[in-house]
Amino acid sequence: WVQEEAPDVLCLQETKCAVSAVPAEIRALPGLPHQFWSSAKDRPGYSGVGLLAKTEPLNVTYGIGDPEHDVDGRVVTAEFPSLFVVSAYVPNAGRGLVRLEPRLRFDAAFLSFLRGLDERKPVLLCGDLNVAHCEIDLCHPRVNRANPGFTPQEREGFSRLLAAGFVDSFRHLYPEARGAFTFWTYLGGARARNVGWRLDYAVLSRRLLGALCDCKIRSTVPGSDHCPITALLAV
């Protein structure tokens, strides 16, 4: 699928893979020779993100400058001439919301980080943001109001991101689209029945809207409980 899609930049989340253990077939992906990986420190099989690029970035950074969260390997940022591309895996609030408070601290620190980037040049944030922002973004909103990914606090965090000058590209283009999900639990045939959540986003600086051509959810692509999304920009 990656070769068919032929992206200029490929962002991966929840890789659960140490840098030294990236599979050879990923290292050898044609057209994506510049690869940058971040993994959780001293926690094998946890978290992790990657960013693969066709052309070499001007600069690459890891983390958001927050010691509490940077040990988990959740963010890689590549600077290109016209924009920053951020690959991010936002923490899950956990069963019973046991990790909600750390999640909210991450949201605040991450927003500050993104604002700092945006002051320098536009930003494209790609990732599993672990939140369904609106009721339209999950199949069963009523029964999930107290569940991770749809709590008022997490949804408000995403609203603050939008209020800071960023845009949910898919919802901007398709404001009324229903059943547009990117995650389905493996249980109960959820994917076949499209009982899902939209947790994965391409969020961009508002001043990039003129360059936005499309944002597609690739729901037929197998291989994970999430599906890829594709952001198309003319930059």
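Keep in mind that the numbers below use all heavy atoms, side chains included, and drop hydrogens, waters and symmetry copies.
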Is the closest side-chain donor-acceptor distance between [X] and [Y] under 3.5 Å?
| X | Y | answer |
| --- | --- | --- |
| Asp225 | Trp184 | no |
| Ser47 | Glu14 | no |
| Thr55 | His34 | no |

Roughly how far apart are [X] [atom1] and [Y] [atom2], rounded to 0.5 Å?
| X | Y | atom1 | atom2 | result |
| --- | --- | --- | --- | --- |
| Tyr174 | Ile217 | OH | CD1 | 9.5 Å |
| Thr15 | Gln13 | OG1 | CD | 9.0 Å |
| Glu68 | Ile64 | CD | CD1 | 9.0 Å |
| Leu233 | Asp214 | CG | CG | 10.0 Å |
| Leu162 | His133 | CG | NE2 | 5.5 Å |
| Lys216 | Leu232 | NZ | CG | 8.5 Å |

For [X] and [Y], indicate whether the former's side chain and the latter's backbone hold a donor-acceptor pair under 3.5 Å.
| X | Y | value |
| --- | --- | --- |
| Thr182 | His226 | no |
| Lys54 | Pro7 | no |
| Ser169 | Ala202 | yes |
| Ser205 | Val123 | yes |
| Gln35 | Arg27 | yes |
| Asp70 | Gly65 | yes |
| Arg206 | Gly165 | no |
| Glu154 | Thr151 | yes |
| Arg74 | Tyr89 | yes |
| Arg198 | Phe170 | no |

Are the side chains of Leu204 and Phe166 in touch, meaning some heavy atoms are under 4.5 Å apart?
-> no
Is Val60 close to Leu51 at the side-chain level, that is, under 4.5 Å between some pair of heavy atoms?
-> no
Lys/Arg N to Asp/Glu carboxylate O, [X] vs [Y], below 4.0 Å:
| X | Y | value |
| --- | --- | --- |
| Asp137 | Arg178 | no |
| Glu135 | Arg142 | no |
| Lys41 | Asp72 | no |
| Glu176 | Arg171 | no |

Are Arg155 and Phe150 in a cation-pi contact, defined as NZ or CZ under 6.0 Å from the six-membered ring centre and within 45° of the axis?
-> yes
Could you tell me if the ring centre of Tyr201 sits under 6.0 Å from that of Phe158?
-> yes
Should the ring pair Phe110 and Phe113 be called parallel, tilted or perpendicular, given that the plane angle runs from 0 to 90° and is split at 30 and 60?
-> parallel
Single-linkage hydrophobic cluster, 4.5 Å side-chain cutoff, Leu138 and Leu199 together | yes
With sequence neighbours excluded, what pairs up with Asp42 under the side-chain contact (heavy atoms from CB on, under 4.5 Å) test?
-> none
